[in-house]
Every structure is written in C-alpha cells, then in structure tokens.
2 protein chains.
Amino acid sequence: MIEIGIVEDNVKIRNLIQRYLDMQESMSCKVALDSVEEMLDHLDKNDAPGVLLMDIQLPGMSGIEGIGIIKKKYPNIEIIMLTIYHDSHKIFDSLVAGASGYLLKHTSLPEIKESIETLMDGGAPMSPQIARKVIQHFNKPAPQKNPESNLTSREQDIVNGLVDGLSYKLIADRFDISIDTVRAHIRNIYKKLHVNSKAEVIAKSLRGEI
Amino acid sequence: MIEIGIVEDNVKIRNLIQRYLDMQESMSCKVALDSVEEMLDHLDKNDAPGVLLMDIQLPGMSGIEGIGIIKKKYPNIEIIMLTIYHDSHKIFDSLVAGASGYLLKHTSLPEIKESIETLMDGGAPMSPQIARKVIQHFNKPAPQKNPESNLTSREQDIVNGLVDGLSYKLIADRFDISIDTVRAHIRNIYKKLHVNSKAEVIAKSLRGEI
DNA sequence: ATCCACTTCACATGAATATGTGATTTGCCT
DNA sequence: AGGCAAATCACATATTCATGTGAAGTGGAT
C-alpha cells in the first residue's frame, strides 16, 4: 500500500486527486494540505508518506523551496511536482532540489496514478513536454570553439599543465623541455586563443572552449 | 502520415517493428536497415523519414556516432534510441549527440507506437528507468564546498574579476579601489580557499566549488 | 565597551609571467 | 628542392604576482 500526500492549495483539485487516489486498491491518500508549512508540521507528528504530490505556486513557501526542506529532513519521501509551470527554470530548479518526477496539471487522474506506480517501480514520471525540455538541456550547443584555436598536441599538453596549476618551470620539468620552450609554446597559445594571461587560458579550458 | 526508418541489426526485431508500425494507419515504415552506413546511403538517395528508431550496438559505426552524423546532415530527423543499454554514459552520450528519445528494448510495440506519437506531439519519449537516470543527473550532490570558504561579497567580486581574466590592476579599476586592496583581498581569499595561485582560484570557481 | 570580521590602503621583495627577437631542427607537403 | 608548420632553445626586460608586515575606519555581536 502506497501512502500518498498532497500539497496543493486549490481545494477542488486537491479533493479530486485525493479522492481518486484513495479509492485505488493499492494506494492510500489521507493527507492533503494547503501549504508546505502545514505538510512539514504534519510530517513532524505523523508517519511520513512514501510519495508527495506537490504544487509549485502555494501560499507561503513555494513548492520548489519545499522540496529541499522536505528531502533534507525526510530523504525517503519521493516528490512528484504537479503544476502548470513548464518553464525550464522551474523544471530544473525542482529536479536539482530533489524532485523525482514532474507532471503538468492537465495530467489525467489515471495518468497520475500510473505515474505514482512508475515512481515506485524505480522510474521517473514526467510529462512528455517536460521530458523534451530536459532533453534539450543536454542538446545545448557546445560552446563555440575559436576556429583558429586548433592547438597542437604539444600546446594542449602545456594548457593541461597550466590548468593543473603548474608554473612554467614545473611544466618544463613535466615534459622534460626547457622553460624557454614552454614560454614559446605559451606565446603561440595566447596568439591562437587571442588571450594574454594564464588565467584566461585556464578559464577557457575549463569552460570547454579549447 | 509519419515516415519512420529503422536502424537495427537484429533481423527478427527489425522486421517485427517494421511490420507493426507500417500496419498503423498514421504511420509508414518502409526503410529498415542494418547499419548507420546503409541508412546514410539511403538518406542520400531518398526522401528523409521524419523519425528514426536506432539501436546502439550495430555493425560498423555505433548508433551514438550515427546520431551526430545524421543530425548534422539532416537536422529535421528525430531520432529515438531503442536499445538494451541503460548505463548513464550511453544515455547521456546519445542525448548530447542529439537523440530526442531513449527507449529500452523491452518496450512493447504499442508503446513504441505511442512513443513516436509523443515525439510528434513535441514530447520526448523515454523509458521510465531512463528518465530516472536523467533526473538523477540533476540531483548530483553539489561539489563539496569548503566550510571555511565562505567568501564575503567583496571577495566574490574579486574572484569574479580573476575568472574574467583581469589583472589586479584592472580589478582595482573595476571596483575603484587600490591595487593594494585587491592584493589584500586576494591574500584572504587564498587563505580561505587553501590555495596559492590565481589559477587554482579560477579552477575552483569554474567548478562551482566556491 | 570591547572584540572581531570586513574593507581599505601602504611599502617592500623575490618569484613568476608576458612579450620581443631570433635561431635550429625535424618532418610533412608539393 | 624548397617551403612551412611544429617543436625546441636562448637572451632580455618590463610587468604582474605571491607574500610579509603593518595600519586604520566601519559596523555588528557579546
């Protein structure tokens, strides 16, 4: 039997979902509250449910803030966001905060039920549009590399040395070359990358722009 | 009518999926090939399908390599991975390469059909386990910040200056303070972060460890 | 009232870096 | 055979950095 809690300030929606889920054989939904604050209060005094459905727009603390606080105190509670918001920021903030799923509010009651089951099976329920946004996040175009910045392998070696925080001397030692050679390489690297300090090379490298 | 192509080397699976999809009223699946190479050859000579189902383990080029090449030449083709692999690397490599969906091979034929429809509706079909892994990727614990490394806001300013590749002099100018003050801040920053060079500060900052 | 962290500035010194100019060797391309 | 990029080294110099020591004003905390 899966214990489910709801945090949702719209009474009609809240009651509808609660009644539907509580009606299911495999589920029990006894707690449906208005705000994160009330839910925290309830969790303090009662056994924690296994799953929380949570809105974002709430009186008092937002649902996203709520995730962090709840997950910190009760790491075993799985939280599914159920909201009308589909902008990337809210999605990512929720996921980073620890949400295990993200559904849009047009999701039908049977789909919500399935989502909870998916979650209990180790899956992550997401509305398809949400999944799309999440995927697009990976598809972000790689930072533009300067076309003329194709460093030779030796130059790459030097850059790696710089990123490792080595001085010219130590880089020279590492590759068993003269410090003047290191200097020469670095001059060429600066020219190719259009920079003029170690700092910029390191920054570019760590940003993947080399 | 959605045109679908398949790249899959297992003949039985390939034929099964092709026949099933081609049987659907809204779909047409005329092209089912063995390898990315063959598919590229086919795309050269024929109209491109709207959706490709693609395996990863293939003769010749892997499906993941294939995504990049196909998406580059034919950006409008949507690619759904259909594979037995569920390790994070293959998932992320696929998504980064440009896949629009990722299904595990135990997915039933009707579910594959639904996934294609989801894709055409602007969604991103993913098996629940895959979605879980993707979400866990966001949930990665933030890099450990040094407890004593709480920089003051002024110190943060200085760090930002360093990350931007500015010299002490330029940082001093930017904030309209003396270069000696910049030096003083930097000394304190080094102490707090336990480092002793600009390079390390920049590295830490870009890694989010500040 | 005292303490402490933050911010500001100054002076000093040795080490590291940025930049210029030049040269030699090797290997690839034509 | 000649040209050219890459890699190697040398010498020189002005700037920047890392580090030490010291100090003074402000504002919050005990």
Side-chain angles (χ1 to χ4, degrees), chain A residues 65 69 142-210, chain B residues 142-210:
Chain A
E65 293 174 82
I69 297 175
Q144 201 51 39
K145 297 183 186 181
N146 190 318
E148 294 176 13
S149 78
N150 292 310
L151 301 188
T152 67
S153 66
R154 197 48 146 181
E155 285 165 350
Q156 259 302 330
D157 289 342
I158 307 289
V159 169
N160 291 336
L162 292 180
V163 172
D164 290 345
L166 305 180
S167 68
Y168 292 1
K169 178 78 182 72
L170 288 176
I171 294 175
D173 289 350
R174 175 189 281 192
F175 300 112
D176 205 34
I177 56 180
S178 153
I179 191 172
D180 279 304
T181 304
V182 174
R183 267 196 256 274
H185 284 305
I186 284 181
R187 241 178 300 128
N188 293 332
I189 291 167
Y190 285 11
K191 204 155 290 172
K192 284 188 181 178
L193 301 183
H194 304 296
V195 302
N196 49 6
S197 75
K198 270 204 322 186
E200 294 172 82
V201 173
I202 292 169
K204 265 191 194 289
S205 177
L206 289 175
R207 290 200 199 97
E209 294 174 21
I210 294 185
Chain B
Q144 199 51 40
K145 297 183 186 179
N146 189 317
E148 294 177 13
S149 79
N150 293 311
L151 300 188
T152 67
S153 66
R154 198 47 148 182
E155 285 165 350
Q156 258 303 328
D157 290 341
I158 307 289
V159 169
N160 292 336
L162 291 180
V163 172
D164 290 345
L166 305 180
S167 68
Y168 291 4
K169 179 78 184 72
L170 288 176
I171 293 175
D173 289 350
R174 175 189 281 193
F175 299 112
D176 206 34
I177 56 180
S178 152
I179 191 171
D180 280 304
T181 305
V182 175
R183 267 196 255 275
H185 284 305
I186 284 180
R187 242 178 301 126
N188 293 332
I189 291 167
Y190 284 11
K191 204 156 289 171
K192 285 188 180 177
L193 301 184
H194 304 296
V195 301
N196 49 6
S197 75
K198 277 204 314 187
E200 293 172 83
V201 174
I202 292 170
K204 267 192 193 288
S205 177
L206 288 176
R207 290 200 199 97
E209 294 174 21
I210 294 186

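Convention: sequence-line order gives letters A, B, ...; per-chain numbering from 1.
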Without decimals, in angstroms, what is the distance between [X] [atom1] and [N] [atom2]?
{"X": "B/N196", "N": "C/dA15", "atom1": "CG", "atom2": "C1'", "value": "13 Å"}
{"X": "A/I186", "N": "D/dT15", "atom1": "CD1", "atom2": "C1'", "value": "16 Å"}
{"X": "A/I158", "N": "D/dT8", "atom1": "CD1", "atom2": "C1'", "value": "11 Å"}
{"X": "A/L193", "N": "C/dT19", "atom1": "CG", "atom2": "P", "value": "13 Å"}
{"X": "A/D173", "N": "C/dA16", "atom1": "CG", "atom2": "P", "value": "11 Å"}
{"X": "B/K192", "N": "C/dC6", "atom1": "NZ", "atom2": "C1'", "value": "8 Å"}
{"X": "B/Y190", "N": "D/dG20", "atom1": "OH", "atom2": "C1'", "value": "15 Å"}
{"X": "A/K169", "N": "C/dG14", "atom1": "NZ", "atom2": "P", "value": "20 Å"}

Among B/I158, B/V159, B/I171, whose side chain to side chain contact (heavy atoms under 4.5 Å, CB included) with B/H185 holds?
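That would be B/I158; it is the only one of B/I158, B/V159, B/I171 passing the side chain to side chain contact (heavy atoms under 4.5 Å, CB included) with B/H185.
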Give the B/S/- string for nucleotides 7-13 of chain C, one per nucleotide from 5' to 3', where a protein heavy atom under 4.0 Å of the base yields B, of only the sugar-phosphate yields S, and otherwise -.
SBBBBB-
For the atom pair CG (B/L162) and OG (A/S197), what is the distance rounded to the nearest 0.5 Å?
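Atom-to-atom, B/L162:CG and A/S197:OG are 10.0 Å apart.
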Roughly how far, to the nearest 0.5 Å, is CD1 of A/I189 from OG1 of A/T152?
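It comes to 7.5 Å.
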Minimum side-chain heavy-atom gap A/L166-A/R174 below 4.5 Å
yes
Stepwise, does the side-chain contact (heavy atoms from CB on, under 4.5 Å) test hold for A/S205 with A/I202?
CA-CA 5 Å; A/S205 177; A/I202 292 169; 5.7 Å; no
What donor-acceptor contacts under 3.5 angstrom involve side-chain atoms of residues 175-184 of chain A, with partners at least two apart or in another chain?
unit_1: A/S178; atom_1: OG; unit_2: A/D180; atom_2: N; d: 2.9
unit_1: A/D180; atom_1: OD1; unit_2: A/R183; atom_2: NE; d: 3.4

With heavy atoms under 4.0 Å as the rule, sort B/K198 into base, sugar-phosphate or nothing.
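Sugar-phosphate, backbone atoms only, no base.
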